[in-house]
Every structure is written in C-alpha cells, then in structure tokens.
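Presented below is the structure to which this report refers.
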Amino acid sequence: MRLSLSVTLLALSAPIAVAQTIIPVTTLANSGAGSLRTAIITANTATSPIIDVRVAGTIVLQTVLPLLTASRPITIRRTGVTGRLILDGRIPTATTTGTVLFLQGSGSQILAPLSILVDRGVGLRITAGDVRVDDVEITGGTQYAFWGYQAPRLLVARLRTSLAGIGVRLEDCDGSRLGVGGVVEALDNTGDGIVVTSSNSDVAIESFVAERNNIGVMVLPATRIALGRNGRPRSRAAGNRSHGVLFYTVANTGVIGLQNADVVGNGAIGVHVDNGSDIVVEDTRIAESIGAGIDVGTGTLRPTLRRCTIERNFGNGVEVWSTPSTRIEQCTLRDNLGNGVLLYNAPGMTCGPGNRIDDNRSVGVMVLYCADLQFVGNESVARNRGVGMDLRQSPRSRIAGGTFAENDGISLWIRDGSQDVVVGPDLTVRDARGTGITIENVGNTLIHACTVLRPTVYGIHCITDGRMLSGNRIVNCLIAGSGGLGVMLRAGPPLRCELSTIVGNQRGIYATNTWNGQPSRVDVDSCILWNNAVEDLSTTTSDGLVVAANSVFRIPAPNGNGNRTTDPRFLDPAAGDWRLQRTSPLIDSGNAAIVQPAGTTDAWGQPRLVGARVDCGGYEVPGNQPRLGFFPDFMPAGGGNVGFTARYPAADHGALAALLLEIDGPSGTTQVLGTTIPLANTPFLTLLAGDSASVGTLTTVPAGGLVQGQLAWHGRVPSALRDVTFHIVGITIDTTAIRTVTEIGRIRLR
C-alpha cells in the first residue's frame with residue numbers, strides 16, 4: 001500500500017521580513033523544469049525559499065533527491081491542488097541505500113501532505129533544529145522510515161510509518177514534540193515502532209499508536225521523556241511481538257513517562273522499566289501481555305505506577321525487582337494468570353493507597369526481601385486463587401486499611417524473616433477459604449484494630465519450627481465466625497491476646513505442641529470469648545497452655561485472675577454486631593495496666609480509650625455519641641440492599657428532627673443524594689451518598705433510641721463511588737442545627 005507524506009518545517013524564532021522566493025513544482029517528472037528535484041536545487045541557493053507543490057500524484061525517482069541544505073529555512077507547501085504528493089523512492093539502482101528526502105535546513109517546514117515509498121535506506125531524515133512536519137506517510141525501507149538526528153525542537157503533527165526496519169527514530173532531538181494536533185503512527189514495522197535514544201531531553205510524543213512492530217516504543221538513555229502526554233485520541237501500543245513500551249536508563253524527574261495509553265496484547269512485557277529513575281506510568285491500561293503487565297527491573301530508582309488498570313496478563317500483573325522506593329497507588333490489578341503483584345528486593349516499597357488486587361490466578365501480593373514495605377490504605381485483596389498476600393523476609397513492614405476477602409488458602413501470610421511487622425489498623429480479613437492470618441517463623445508481630453471474619457479453618461494461626469523468637473501480639477481485634485479455631489498457637493513463642501473479641505467460632509483460643517521444651521502459651525487479658533460452639537479456650541492440653549485474666553468466657557469459665565461469665569450484652573449478635581450496648585457491664589472493665597498509645601483505635605476504628613479505663617473486648621463504647629451499623633458491612637457495587645440500625649440517646653428522641661447520614665466519597669468529598677425520606681415518629685432521614693441510593697421502610701423505637709431500615713443501591717453505582725469506604729460523619733438530633741459527631745458507622749461497596 002502506498003502512503004502519502006507531508007512535512008512542515010517551521011522557524012520558531014521571530015520572523016525577519018525578507019523577500020520570499022516561490023519555487024513551483026508543476027510536474028511529476030523525476031527531473032527537469034518544474035520538477036521537485038529542480039525545485040530543491042533552486043531552493044538551496046535562494047533567499048527564503050518556498051517550494052510550492054501544485055501537482056498531485058506520484059514522482060517515480062531515478063536517484064535519491066538532493067539534500068535540502070541548512071543555509072536557510074525551506075518551506076514545502078501545497079496550494080491549488082488536492083490529493084497527496086507521493087515520492088516513489090524505490091530506486092531501481094540496487095546499490096542505492098540513501099535517504100529519499102534529506103532535510104538539513106534549520107527552521108524549515110513541510111506542510112504538504114506527502115507520501116514516501118522507500119526501497120532501501122531512510123524515507124525522511126532531518127538533521128536540523130526548529131523543524132515542523134505535518135501529515136507524512138512513509139512505507140517500506142530497511143533502515144528507518146523517519147529519522148530525526150540532532151534535530152532540537154522538532155515539531156511533528158501527523159506521521160505514519162509501516163513496513164520499515166524502524167518506524168520512527170529520534171536521536172539527540174532535545175525539546176522535540178511529536179503527535180501535536182495529530183497522531184504518530186508506527187504500524188507493521190519489521191523493527192521497532194518508535195525509538196528515542198542518545199541523551200534526548202524533554203522529548204514528548206503526545207499521541208501515538210505503535211502496533212504490530214517488534215517493540216512498540218523504546219526509550220534508551222535519555223532525560224525527561226513523556227509518552228502519551230495529554231494525547232487525544234488515547235495512545236496505544238498493541239500487538240507488538242516483544243514489549244509494548246520499554247524505558248531503559250531514563251531519568252525522568254518531574255515528568256510523567258507514560259500516561260493516557262492502552263498497552264494491550266504484546267508478545268513479551270507490556271511496560272518494561274529498567275535501570276532508570278523517577279519513571280511514572282499513569283492512567284494507563286496494561287492488558288493481555290504474554291509476560292508481565294509491567295516489569296520494573298534492577299537498578300531503577302523511585303518508579304511510580306498510578307491509576308492504572310493491569311489485567312488479564314499471562315504473567316504477573318506487576319513485578320518489581322531490586323528497585324527501592326517504588327510506589328503503586330490507586331491501581332486495579334485483576335485476573336492476571338500469575339501473581340497480581342510480585343515484589344522482590346524492593347526496600348522502602350509503598351503499595352497504596354487505593355489499589356484493588358483481585359481475582360488473580362495465583363497469589364494476590366507476593367513479597368520477598370522488601371524491608372520496610374508500606375502496604376497501606378488499599379481497597380481490596382480479594383478472590384485470588386492462591387494466598388492473598390505472602391510476606392517473606394520483609395522485616396518492619398506495615399499492612400493497614402482495606403479488605404482481604406475470599407482468597408483461597410491463607411489471606412495474609414507473614415513468615416520466614418518478616419520480623420517486627422505491624423498489621424492494622426482498619427484491616428478486615430474475611431471469608432478466607434483457609435486461614436485469615438498466619439504468622440509463621442517470625443517474632444514481634446503486632447496485629448491491632450483488625451477484623452477477621454468467617455475463615456474456614458483458623459482466624460489467626462501462629463506457628464514456628466522451634467527457632468528462638470520474640471512473642472507476637474493481638475490487640476483490639478474482632479475474630480468471629482471461624483469454621484475451626486479463632487486463634488491457634490502451634491509450637492511458637494508466647495502469644496499475647498488482649499482487648500479483643502473472639503466470638504462465634506467453633507473454638508475460641510487453642511494452644512498445642514511444645515516450644516523449646518515448654519508448652520506453647522497464650523496469655524489472654526481483657527478479652528471477650530463468647531458463643532464459640534465447642535469451647536471458648538483450651539486450658540487442658542498437655543503441651544499447650546492458655547492463661548487468662550480480666551476476661552469474659554462462657555464455656556468453660558476460668559477461675560480467678562478477674563475472669564467472669566457475665567453476659568457482655570452485645571448490640572446485635574444475630575446480625576454480627578459484636579459491639580457493646582451502653583448498659584454492658586464490661587464498659588471500663590479492661591486491665592488499666594494495658595498501655596494504649598495516643599491515637600490507638602478499636603476494631604471499629606473508634607478511639608480506644610473513652611472514660612477512666614478501656615472497655616473489655618475489641619470495641620470501645622463511644623460515650624453518648626449516636627451509633628450506626630450496617631449489616632452486612634459491604635454491598636455489591638452493581639446494586640443491592642443492606643440493613644442498618646442507628647442508635648441514639650433515648651433522651652434526645654423528643655427533640656429529634658432527623659438523622660443526617662453524610663457518606664464520604666473519594667478523596668474526602670461528600671456525594672449528595674438530596675432526597676428526604678419520611679420517618680415514623682420523626683420528620684425525615686436524609687442520605688448524602690450520590691444519586692443512586694434510597695431508603696426502605698424505617699421504624700423507630702423511642703424508648704431505646706433506635707431507628708432501623710434498609711439502604712439500597714439501584715442499578716449501577718457511579719464508577720467514582722465504587723469500592724470506597726463510606727464514613728458516616730454526622731447526625732441531626734436538634735430541630736435547629738446539625739450536631740457534628742465523630743464517625744458512627746461505615747459500609748463498603750464491593
């Protein structure tokens with residue numbers, strides 16, 4: 001297929017008034033009067049020359065055209081004719097391997113729609129600065145279709161290459177911009193599609209399509225390269241035989257390396273970053289790569305992956321190798337055949353906030369040798385076919401915020417050298433098809449302000465192979481609904497469990513197997529163990545020991561040490577609400593000697609200390625503040641119903657004007673519903689939560705300060721609200737003004 005090419009050369013400096021020389025091209029002949037060849041020869045000696053192409057069709061060249069020299073700017077334009085000028089550079093002389101059109105005129109511009117057909121060599125070569133190119137197509141060739149060499153401030157609008165060795169090569173083209181007002185297309189090249197190399201600085205390819213090449217876009221040693229920047233339409237690197245986009249030894253401080261792009265269906269890695277620094281990949285979809293979606297290689301510094309979707313790759317979604325200070329935030333990593341995320345030897349790595357790592361066919365997050373990992377504020381690690389997160393040899397890591405849900409095997413596995421790890425606060429681990437959290441061969445792990453719900457085997461499992469390790473600690477947690485044990489210690493260092501609620505499991509706490517010649521031991525303090533089917537804790541095994549103090553049990557009831565069998569008076573255990581009623585005898589009954597650092601929260605994220613002493617169990621009753629709970633605490637994003645129960649001081653009922661439930665949306669903004677719903681015994685209930693919520697039948701109980709109802713999402717929840725934790729931040733219990741209160745409940749859309 002013949003392609004047309006147009007090139008525009010533009011002097012970017014202030015124009016100087018000089019006489020222009022108009023040189024018309026009126027014939028398609030290879031040479032002679034009115035030919036392009038004669039026009040170039042004339043232009044090289046003329047003052048301010050303009051080659052004015054007044055003919056459309058094909059010029060069949062017998063030899064390559066003369067060099068357009070750099071002595072003065074030269075313009076090639078079209079007037080008075082439609083259609084493209086085609087330079088058929090398939091020169092019949094077999095030894096000819098030169099350039100069809102070679103421009104060395106600084107400040108020049110090619111405005112005419114132009115097609116270049118190349119046999120061997122280069123289609124269009126530019127070795128001058130301040131050059132502008134519009135609308136050029138280049139086909140064929142065995143070297144480069146388009147070659148910018150030492151051409152600073154090159155400006156290219158529309159460029160299309162195909163079937164050449166390399167489609168587009170930019171070499172030492174500092175300050176150049178391509179795809180401005182158009183698209184750079186590199187299609188079906190036998191070599192790479194677009195190559196940027198040799199110390200380029202501040203180069204931007206704002207809109208590009210690189211398809212069916214070897215590598216789609218390759219950036220070699222360079223500084224400050226931007227691909228897809230503000231590109232319209234969205235850029236694309238797809239169906240290439242090797243990588244989609246490759247950055248190698250690129251220093252990109254202050255510039256986003258790749259954005260607004262689709263990198264799809266490439267034969268190796270989707271995006272590969274190696275031996276560079278400060279590369280940012282943003283707002284990009286990376287899918288269906290034969291290898292990893294994105295690979296960050298050895299020697300790279302401070303890379304960032306932000307607001308990307310990485311899905312259906314045949315390898316890992318993201319893999320990071322020996323790369324410190326990497327950041328992955330607000331990304332979706334789903335349905336990859338390998339791990340969702342693989343981190344290897346990446347100290348100081350930050351994963352979060354806002355990532356969703358769901359439905360991957362292997363491990364959700366595999367971490368090896370990543371000291372000081374911060375895995376904080378992520379939305380979900382859910383439904384992965386293997387372990388949810390496998391953390392090895394990664395000391396001093398922190399895992400907090402978000403939900404681990406419905407993973408096969410173990411949801412969160414901390415093991416083998418991951419000392420001094422902190423889990424929580426505000427982490428929910430639910431519905432594991434195995435164990436919720438496993439601590440194996442590590443010491444000094446703290447699990448605090450977490451919720452572990454409905455695992456099929458164990459809620460929290462601690463085990464070691466006999467190494468001398470410091471003990472681990474569980475504090476301010478809820479562990480409920482396990483098909484086996486709530487907490488299991490098997491041959492490990494002493495485990496301390498305090499200020500936690502362990503309810504509704506088959507068994508509560510169990511210790512077994514000796515450790516260093518002594519029975520494995522769990523120390524329980526200020527906990528509630530209740531409604532566990534077989535027993536709340538085991539104190540009778542010969543090689544395991546559970547010692548309880550200041551705690552509440554139902555079966556059996558240990559004697560002494562402040563233990564008792566008092567009914568905790570949970571709010572609504574049938575609905576899974578294990579918080580305490582305001583009349584609970586366990587309020588202010590915890591061990592006062594348990595230190596609660598400033599800012600510590602309970603299992604619901606509320607301040608841990610209200611009053612003179614902490615409350616027994618995992619929840620602190622928040623004084624006289626209204627309370628609201630959702631059951632269940634999540635809802636499918638596609639729509640559904642969830643019940644809620646709001647409690648408020650009964651004494652306020654006579655003056656109750658409304659319960660104002662403000663539901664926080666993304667980035668702390670409030671989504672406004674603007675709907676008023678009548679209440680029995682109260683004027684209205686107003687929900688601020690977007691435009692797709694409604695409230696079903698509501699009832700109130702004046703004496704108990706209770707309102708119950710159902711919140712429903714209809715149809716498709718707006719994408720901006722998906723998988724966001726909604727915080728209830730206020731309540732109106734006065735006829736004249738809203739009383740602002742602290743958080744009183746939350747629900748997550750899934």
Side-chain angles (χ1 to χ4, degrees), residues 387-393 395 408-421 423 429 432-448 450 452 454-475 477 479-498 500 502-525 527 529 532-549 551 553 555-559 561 563:
V387 175
M389 182 175 186
D390 190 345
L391 186 77
R392 307 187 205 178
Q393 300 293 338
D408 290 348
I410 300 168
S411 257
L412 175 56
W413 196 354
I414 302 167
R415 58 171 167 160
D416 299 333
S418 295
Q419 305 291 109
D420 306 308
V421 170
V423 180
V429 180
R433 300 183 183 98
T435 296
I437 301 174
T438 292
I439 304 169
E440 183 173 355
N441 296 328
V442 297
N444 201 30
T445 302
L446 171 63
I447 301 174
H448 75 109
C450 293
V452 182
R454 302 179 295 276
T456 59
V457 183
Y458 304 137
I460 298 177
H461 183 201
C462 301
I463 184 173
T464 188
D465 57 10
R467 305 176 197 180
M468 293 297 294
L469 300 167
S470 56
N472 301 298
R473 187 171 171 226
I474 301 168
V475 60
C477 290
I479 304 168
S482 171
L485 302 172
V487 176
M488 172 65 163
L489 174 62
R490 187 194 304 271
L495 173 66
R496 184 165 180 83
C497 184
E498 57 191 34
S500 292
I502 303 170
V503 291
N505 305 286
Q506 188 71 7
R507 281 183 166 88
I509 298 177
Y510 196 90
T512 187
N513 292 10
T514 59
W515 179 75
N516 291 326
Q518 299 293 324
S520 297
R521 173 170 173 152
V522 181
D523 289 298
V524 180
D525 196 343
C527 290
L529 287 93
N532 297 293
V534 177
E535 59 184 358
D536 290 326
L537 53 78
S538 171
T539 60
T540 58
T541 60
S542 60
D543 53 2
L545 180 64
V546 180
V547 178
S551 296
F553 303 90
I555 47 175
N559 295 322
N561 295 329
N563 297 311

Checklist entry - Which one of D523, I502, D525 satisfies the side chain to side chain contact (heavy atoms under 4.5 Å, CB included) criterion with C497? => result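 It is I502, the one option of D523, I502, D525 that forms the side chain to side chain contact (heavy atoms under 4.5 Å, CB included) with C497.
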Using side-chain heavy atoms (C-beta onward) and a distance below 4.5 Å, is [X] in contact with [Y]?
X: I447; Y: V452; answer: no
X: L529; Y: I509; answer: yes
X: R415; Y: T438; answer: no

As an exercise, state the distance from [atom1] of [X] to [atom2] of [Y], rounded to the nearest 0.5 Å.
X: E498; Y: I474; atom1: CD; atom2: CD1; result: 10.0 Å
X: Q419; Y: N472; atom1: CD; atom2: CG; result: 8.5 Å
X: D465; Y: E440; atom1: CG; atom2: CD; result: 8.0 Å
X: C462; Y: R490; atom1: SG; atom2: CZ; result: 11.5 Å
X: I460; Y: T435; atom1: CD1; atom2: OG1; result: 10.5 Å
X: N444; Y: D420; atom1: CG; atom2: CG; result: 4.5 Å

Next on the checklist: Checking M488 against T512 for the side-chain contact (heavy atoms from CB on, under 4.5 Å) test, could you report, in this order, the C-alpha distance in whole Å, the side-chain angles of both residues, the deciding distance, and whether it holds?
Outcome noted: CA-CA 8 Å; M488 172 65 163; T512 187; 3.5 Å; yes
Checklist entry - So, are D408 and R433 salt-bridged, with charged N and O less than 4.0 Å apart? => result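 Between R433 and D408 there is a salt bridge, with a charged N closer than 4.0 Å to a carboxylate O.
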Which atoms form the tightest heavy-atom contact between [X] and [Y], and what is the distance?
X: P493; Y: S470; result: CG-O, 3.6 Å
X: S411; Y: G436; result: CB-O, 3.2 Å
X: V442; Y: I414; result: CG2-O, 4.0 Å
X: A432; Y: G409; result: CB-O, 4.2 Å
X: G544; Y: P519; result: N-CB, 3.9 Å
X: G459; Y: I479; result: CA-CG2, 4.1 Å

Are the side chain of [X] and the backbone of [Y] linked by a donor-acceptor contact shorter than 3.5 Å?
X: N563; Y: S551; result: yes
X: S538; Y: Y510; result: no
X: S418; Y: L391; result: yes
X: Q393; Y: D416; result: yes

Checklist entry - Quick one: side chain to side chain contact (heavy atoms under 4.5 Å, CB included) partners of S482, sequence neighbours excluded? => result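 Counting only residues at least two positions away or on another chain, S482 forms a side chain to side chain contact (heavy atoms under 4.5 Å, CB included) with P455, N505.
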Next on the checklist: Can you list everything that forms a side chain to side chain contact (heavy atoms under 4.5 Å, CB included) with P494? Sequence neighbours excluded, please.
Outcome noted: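 Applying side chain to side chain contact (heavy atoms under 4.5 Å, CB included) to P494 gives W515.
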Item to check | Sequence-distant partners of H461, ring-ring contact (aromatic ring centres under 6.0 Å, His included), two or more places apart | outcome: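 Only Y458 meet the ring-ring contact (aromatic ring centres under 6.0 Å, His included) criterion with H461.
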